[in-house]
Amino acid sequence: MPDKIASTAQLVEDARYRLLVEAVTDYAIYMLDPDGRVSSWSSGAQRLKGYAADEILGEHFSRFYTPADREAGLPELALGEAARVGRFESEGWRLHRDGRSFWAHVVIDAIRDSSGELLGFAKITRDRTEQHETEQALRRSEQQFRLLVNGVTDYALYMLDPEGHVTSWNSGAQRIKGYHPEEVIGRHFDSFYSDEDRQDGVPEASLSTALAEGRYEEERLQMRKDGSRFWANIVIDPVFDDSGKLLGFAKITRDITDKRRVQEELERARDELIQSQKMESLGQLTGGVAHDFNNLLTVILGGLQLLERQLPKDNEKVQAIWRNALEATRRGAQLTQRMLAFARKQRLFPQPIQLPALLQDMSELLVSSLGPTISLETRFPLQLDCVMSDQNQLELAIINLATNARDAMPGGGSITFSARNAQVGPRQSGKLAAGDYVCLAVTDSGQGMDEDTLRRAAEPFFTTKPTGKGTGLGLSIVHGLAQQQGGALLLRSTPGQGTTAEVWLPAVKVTAEAEPGVSDEVPADGASVELTEPLGLRVLVVDDDALVLTGTSALLADLGCQPARADSARAALHLLEQSEFDLMITDFAMPDMDGMLLIQQVRQSYPALTCVLTTGYAGRLDSVADAVLRLPKPFDREQLLALLQQVTRAG
């Protein structure tokens with residue numbers, strides 16, 4: 001009997017709660033099962049959301065959310081947080097049955113039994129659209145007012161009497177010029193001008209112009225209370241009463257120092273961009289010319305060496321002419337390397353280099369080259385990282401910098417070589433990527449450079465030296481070398497106080513003997529290699545230059561090989577389908593398909609075929625994953641022979 005009484009009491013209590021919930025029409029009060037489906041629905045929920053109970057019971061509550069919120073998973077996040085912490089509360093846009101949206105305040109409470117098992121969720125939603133719009137309008141009004149107030153502080157707004165004395169003073173004027181109202185009201189406004197402007201009558205002239213023309217505006221340096229100067233945009237308007245009598249002047253002053261600085265930086269950036277584009281165009285042209293010149297030198301060099309075998313050994317005059325032509329060809333090859341260095345397309349051989357040891361090895365050369373009027377000094381720390389660089393090109397860069405320093409000191413002076421470890425952070429601006437570097441500095445005690453000369457110093461062919469005394473390529477070559485190796489050339493100079501040239505190069509900490517690289521290069525000292533017997537290799541030569549094809553084929557035939565020629569990658573692939581070869585030598589720069597792509601395709605179909613890439617520029621060859629034999633252009637008979645013998649030994 002007591003159980004029945006308790007059950008009846010519970011039913012009465014539940015009915016009361018039900019009546020209470022149904023009586024609340026300003027709130028949507030309903031229950032969700034653990035999966036988020038509606039399990040009860042109040043009259044307030046029907047009024048607020050528009051659904052009748054038989055329409056919504058069993059439906060997932062996510063239909064009340066906007067599509068964007070559903071896609072973002074907000075319904076699941078809300079239930080998850082309520083289940084985890086017991087309660088979830090938020091505000092956001094919800095949807096009515098007819099598709100209208102309203103701003104809702106939502107509270108979700110997790111309902112659990114005495115054992116802690118989740119029975120579902122109690123959800124209360126309140127329509128706060130009107131309050132939300134009121135709050136938003138108030139927020140917009142406050143923001144507009146704040147912007148207005150903040151905007152006024154950027155301007156000095158004040159009045160002058162007809163004689164130019166200050167009669168009013170706003171907070172912007174105080175902020176910009178530094179005077180409090182009691183310090184400046186009654187004073188003549190010419191105190192804001194420099195002594196030079198006051199002597200020239202600029203303040204009086206500005207008032208006269210405003211009176212005569214109805215307005216005066218200019219940009220000029222003005223003075224603050226502390227004596228500092230700033231760039232100001234000044235506007236002065238005369239103020240008249242209804243009868244036309246001059247009451248004074250309204251003066252608006254805006255601090256445009258930052259704007260002027262930005263404009264100057266933009267102009268400087270534009271000049272640097274134009275210079276960079278000009279350098280890039282010139283580099284592309286130079287690289288292309290050097291590449292074609294390398295092809296011609298390859299033909300000439302090979303032809304001269306083949307011709308030697310036909311020349312009479314006893315005719316010294318003919319032999320002298322031949323040696324002279326050969327030497328000129330080799331000097332031409334050195335010239336192309338300089339052109340490629342400027343264009344940043346020469347093939348480099350980076351290796352860890354200790355700068356103190358390098359400078360010590362170069363000391364005799366530098367002393368003899370620079371002359372007795374130049375004293376040399378080195379300052380290196382005890383702990384200095386190695387640089388990753390091409391030794392020959394780095395030596396050339398040091399000689400160029402030292403020569404420039406000497407020429408800046410015609411009466412003699414001192415050159416100091418110093419270095420330091422440096423680190424560039426990811427947020428540091430400039431020409432260098434983040435990482436560890438070694439900065440090699442070459443400092444002279446010469447005449448220095450003005451700003452315009454310093455800005456143009458690294459331009460190709462720009463020189464301040466007399467005609468015939470310099471090519472203007474020295475700093476350009478150093479600049480190209482540094483950039484190609486991931487570094488930079490930075491110049492600092494002050495007229496009369498000398499110049500410092502800094503070469504920044506990537507640092508490397510050498511803890512063990514460096515491992516050999518993945519790509520092999522045929523050495524240029526092949527003159528010591530001699531042919532003892534014909535090699536008999538079947539060689540496919542691929543080059544889009546007919547002269548190179550003919551010259552290389554002639555050299556191969558002279559070395560006892562069986563050459564075949566292809567003037568394109570497609571022609572080479574066709575020949576490979578028809579015949580077998582021991583070796584393929586291909587140029588890198590070719591139309592349609594370059595040599596590296598050709599090698600990659602050939603390796604897939606003919607994995608046993610040895611492939612050699614011949615080129616004068618670096619391009620992007622360092623990204624090749626597999627080992628590739630390379631023959632630098634221009635190459636001679638001895639280098640080609642060394643390559644063939646290397647292939648023979650490997651086979």
Side-chain angles (χ1 to χ4, degrees), residues 294-309 322-323 325-327 329-334 336-337 340 346-351 390-393 516-543 545 547-565 581-588 595-596 599 602 608-618 621-622 624 626-651:
N294 266 336
N295 281 344
L296 297 176
L297 288 173
T298 299
V299 176
I300 296 171
L301 192 57
L304 285 173
Q305 291 183 320
L306 290 176
L307 184 62
E308 179 191 17
R309 303 167 69 84
W322 174 85
R323 286 192 298 270
L326 188 63
E327 177 61 24
T329 304
R330 297 191 187 280
R331 289 176 62 182
Q334 295 176 357
T336 61
Q337 291 306 307
L340 289 169
Q346 84 276 34
R347 177 74 179 117
L348 300 180
F349 302 93
Q351 58 181 325
D390 180 293
Q391 181 168 333
N392 292 332
Q393 295 298 323
V518 296
S519 63
D520 299 317
E521 188 83 29
V522 176
D525 57 353
S528 61
V529 182
E530 297 182 359
L531 180 64
T532 57
E533 60 182 20
L535 297 171
L537 295 174
R538 294 164 296 180
V539 183
L540 175 58
V541 184
V542 188
D543 202 301
D545 191 310
L547 293 176
V548 175
L549 274 180
T550 302
T552 305
S553 298
L555 282 175
L556 288 168
D558 183 66
L559 293 170
C561 295
Q562 303 170 30
R565 296 185 286 180
F581 294 93
D582 303 305
L583 174 66
M584 182 181 74
I585 301 177
T586 177
D587 186 30
F588 173 69
M596 199 60 247
I599 289 176
V602 166
L609 179 62
T610 301
C611 298
V612 175
L613 192 69
T614 175
T615 181
Y617 26 159
L621 302 183
D622 291 333
V624 179
D626 298 326
V628 177
L629 281 172
R630 297 176 195 163
L631 184 63
K633 282 185 178 180
F635 55 85
D636 57 19
R637 181 178 182 275
E638 285 71 25
Q639 288 173 274
L640 184 58
L641 174 58
L643 167 71
L644 297 174
Q645 291 182 332
Q646 181 178 346
V647 171
T648 302
R649 289 193 300 269

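Scope of the values below: all heavy atoms of this structure, side chains included, with no hydrogens, waters or symmetry mates. What you see is a predicted model; the values in this text were computed from it and never measured.
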Trainee: With T550, which residues qualify under side chain to side chain contact (heavy atoms under 4.5 Å, CB included), at least two apart?
Mentor: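 Side chain to side chain contact (heavy atoms under 4.5 Å, CB included) list for T550, sorted by chain: R565.
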Trainee: Would you compute the distance between atom CG of L556 and atom CZ of R538 and round it to the nearest 0.5 angstrom?
Mentor: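 CZ of R538 is found 14.0 Å from CG of L556.
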Trainee: Quick one: pull up CG in L559 and CD in E638 and give me the separation to the nearest 0.5 Å.
Mentor: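 CD of E638 is found 9.0 Å from CG of L559.
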Trainee: Taking the side chain as everything from C-beta on, heavy atoms only, tell me whether Q562 gets closer than 4.5 Å to V539.
Mentor: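 No - every pair of side-chain heavy atoms lies 4.5 Å or more apart.
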Trainee: Please check this pair: side chain of D582 against backbone of L537, looking for a donor-acceptor N/O pair closer than 3.5 Å.
Mentor: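 Such a contact is absent between D582 side chain and L537 backbone.
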Trainee: Starting from the C-alpha separation in whole Å, work towards a yes-or-no answer on side-chain contact (heavy atoms from CB on, under 4.5 Å) for M584 and T610.
Mentor: CA-CA 6 Å; M584 182 181 74; T610 301; over 6 Å; no
Trainee: Report the C-alpha distance between C611 and L629 in whole Å, list the side-chain angles of each, state the deciding distance to 0.1 Å, and finish with yes or no for side-chain contact (heavy atoms from CB on, under 4.5 Å).
Mentor: CA-CA 7 Å; C611 298; L629 281 172; over 6 Å; no
Trainee: So, for Q639 and L631, which heavy atoms are closest and what is the spacing to 0.1 Å?
Mentor: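 Taking Q639 first and L631 second, the nearest heavy atoms are O-CD1, 4.1 Å.
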Trainee: Could you tell me if the side chain of L540 sits less than 4.5 Å from the side chain of I585, heavy atoms only?
Mentor: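 Not touching, per the 4.5 Å side-chain cut-off.
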Trainee: For D543, run the side-chain contact (heavy atoms from CB on, under 4.5 Å) check against V548, T552, T586 and tell me which one passes.
Mentor: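 With D543 as partner, side-chain contact (heavy atoms from CB on, under 4.5 Å) holds for just one option, V548.
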Trainee: Is there a side-chain contact between T614 and F635, using heavy atoms and a 4.5 Å cut-off?
Mentor: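 Touching, per the 4.5 Å side-chain cut-off.
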Trainee: Examine distances only and state if a side-chain atom of S553 and a backbone atom of P563 form a donor-acceptor pair shorter than 3.5 Å.
Mentor: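 No; judged by distance alone, with no hydrogens or angles, the pair does not exist.
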Trainee: Kindly write out the residues that satisfy side chain to side chain contact (heavy atoms under 4.5 Å, CB included) with A554, not counting sequence neighbours, or none if the list is empty.
Mentor: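 Checked A554 against side chain to side chain contact (heavy atoms under 4.5 Å, CB included); matches are L306.
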Trainee: Are D558 and R637 close enough, and set up right, to give a side-chain contact (heavy atoms from CB on, under 4.5 Å), and what steps lead you there?
Mentor: CA-CA 9 Å; D558 183 66; R637 181 178 182 275; 2.9 Å; yes
